[in-house]
Number of protein chains: 2
Amino acid sequence: MTIAEAALATGLTTHTLRYYEQIGLIDPVPRRSGQRVYGDIEMRFIQFVLKLRATGMPMRDIQAYVRLRREGDTPDSIRQRGDLLVRHAAHLREQRASLDETIVRIDEKIALYGSMYADATPSPAVASPATASAPSNPRKHA
Amino acid sequence: MTIAEAALATGLTTHTLRYYEQIGLIDPVPRRSGQRVYGDIEMRFIQFVLKLRATGMPMRDIQAYVRLRREGDTPDSIRQRGDLLVRHAAHLREQRASLDETIVRIDEKIALYGSMYADATPSPAVASPATASAPSNPRKHA
DNA sequence: GTACGACTTCGAGTGCGCTCGAAGTCAACA
DNA sequence: TGTTGACTTCGAGCGCACTCGAAGTCGTAC
């Protein structure tokens with residue numbers, strides 16, 4: 001896989017991919033005659049890193065994690081990596097709790113609006129809270 | 001409630017509170033001899049706005065929502081507010097799904113690390129979700 | 001009557017996470 | 001041989017959401 005293909009697969013740009021490598025967010029990718037070759041291992045790790053990032057783990061912590069990985073599987077490295085992940089997991093559980101609460105509140109408000117005017121219920125394309133799969137604006141794009 | 005008290009209650013600064021008002025993230029707070037007086041209604045709405053913001057709703061959308069509220073309860077305003085909330089709710093459900101997935105992955109990795117060395121289980125100080133402070137907190141303030 | 005806290009406007013600065021472009025080099029493929 | 005695509009370093013710029021400070025005014029309370 002070339003960098004262009006990796007970019008396509010991850011939804012990042014080649015710029016960003018190189019940038020991530022440069023700042024140590026991912027390990028240096030192996031080269032063949034100077035060009036980066038992305039294999040399964042690289043891709044899987046990048047996906048993992050993107051998950052961390054998408055869930056709000058600060059770059060610094062991800063960098064720390066990657067640094068520890070490079071240190072190898074010493075007990076110390078493993079313990080510290082574990083700690084980082086445990087801390088992030090705790091953070092995610094908090095996030096989820098807050099998210100659940102917010103969803104409840106919003107659903108209440110939606111119901112309220114729906115009941116205010118029979119006329120004025122949210123537009124059908126988007127009306128049911130169960131219809132949770134619509135990614136974004138239902139009126140653009142058909 | 002003065003602005004200082006409101007700041008304390010929300011965890012924001014007085015600066016930020018005025019800033020939010022200025023950019024239309026919250027309605028103008030009623031004044032008594034020029035000074036803002038925060039009542040229950042204001043506080044509750046601010047908390048709601050903070051929930052929206054904490055769950056990643058862009059300022060612009062919150063501003064739009066507040067603008068619509070100010071328009072009053074016309075069918076159009078209500079429908080549009082409903083739509084905004086429904087869209088955000090959908091977004092939150094996606095977020096939650098991704099969050100759940102990430103939690104599972106991280107827990108797997110934690111278990112893996114735990115099993116690698118009996119020695120190297122995550123340190124107790126940090127092991128319990130109850131003891132959870134986020135890794136390098138993105139929002140300052142406490 | 002003065003201290004305190006709030007008010008206003010203004011503008012600059014911060015930190016994060018990209019994002020882009022320029023300029024020049026190099027290797028593989030048709 | 002020439003067109004690609006990738007490589008490097010460098011530095012500027014951007015959008016978001018604050019964050020801070022300065023300067024000067026005003027009202028209330030001890």
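In what follows, every chain begins at residue 1, and chains take the letters A, B, ... in the order their sequences are listed.
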Open item on the list: Does I41(B), at its CD1 atom, have more than 12 non-hydrogen atoms belonging to other residues, nucleotides or ligands within less than 6.0 Å?
Closed with: no
Task: Ion pair D27(A)/R69(A), N-O distance below 4.0 Å - done: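 Yes, D27(A) and R69(A) are salt-bridged.
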- [ ] In plain terms, say whether E21(B) and R31(B) are close enough for a salt bridge, that is, a side-chain N and a carboxylate O under 4.0 Å apart.
- [x]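 So E21(B) pairs with R31(B) through a salt bridge.
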TODO: Answer with yes or no whether the side chains of R81(A) and Y65(A) bring together a donor and an acceptor at under 3.5 Å.
DONE: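 Short answer, no.
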Open item on the list: With no hydrogens and no angle check, just 3.5 Å: does a side-chain donor-acceptor pair link H88(B) and T102(A)?
Closed with: no
Taking OP1 and OP2 of [N], is either one under 4.0 Å from a side-chain nitrogen or oxygen of [X]?
X      : N       : value
R18(B) : dC7(C)  : yes
T2(B)  : dA6(C)  : yes
R60(B) : dG15(D) : no
Y20(B) : dC18(D) : yes

For [X] and [N], what is the distance between atoms [atom1] and [atom2] respectively, to the nearest whole Å?
X      : N       : atom1 : atom2 : result
I62(A) : dC18(C) : CD1   : C1'   : 14 Å
Q63(B) : dC16(D) : CD    : C1'   : 12 Å
Y19(B) : dC20(D) : OH    : C1'   : 13 Å
L17(B) : dC18(D) : CG    : P     : 11 Å

Task: Name of the residue among Q63(B), H15(B), R53(B) meeting side-chain hydrogen bond (donor to acceptor under 3.5 Å, both in side chains) with Y20(B) - done: R53(B)
Interface polar pairs with nucleotides 10-12 of chain D, N/O, under 3.5 angstrom:
none

Task: Selected nucleotide, minimal atom distance to I3(B) side chain, candidates dC18(C), dC7(C), dA17(D) - done: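 Taking heavy atoms from C-beta onward, the closest nucleotide is dC7(C).
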Open item on the list: Count I, L, V, M, F, W, Y as connected when their side-chain heavy atoms are under 4.5 Å apart, and connections chain through other members. Are L8(A) and I46(A) then in the same cluster?
Closed with: no
Open item on the list: Is there a path of hydrophobic side-chain contacts, each under 4.5 Å between heavy atoms, that joins L52(A) and F45(A)?
Closed with: yes
Open item on the list: Just so I know, are the side chains of L92(B) and M57(B) near enough to count as touching, which here means a heavy-atom distance under 4.5 Å?
Closed with: no
TODO: For DNA chain D, determine which residues of residues 4-14 of chain A have any heavy atom closer than 4.0 angstrom to one of its atoms, and list them numerically.
DONE: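 By residue number: A4(A).
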TODO: Mind listing the residues from residues 21-51 of chain B sitting with a heavy atom below 4.0 Å of DNA chain D? Number order is fine.
DONE: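 Residues of residues 21-51 of chain B under 4.0 Å from DNA chain D: S33(B).
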Open item on the list: Could you walk me through whether R96(B) and D100(B) satisfy the salt bridge (Lys or Arg N to Asp or Glu O under 4.0 Å) test, starting with their C-alpha distance in whole Å, then the side-chain angles of each, then the deciding distance to 0.1 Å, before giving a yes or no?
Closed with: CA-CA 6 Å; R96(B) 189 173 49 186; D100(B) 284 344; 5.2 Å; no
Task: Q80(B) (side chain) donor-acceptor with S77(B) (main chain) under 3.5 angstrom - done: no
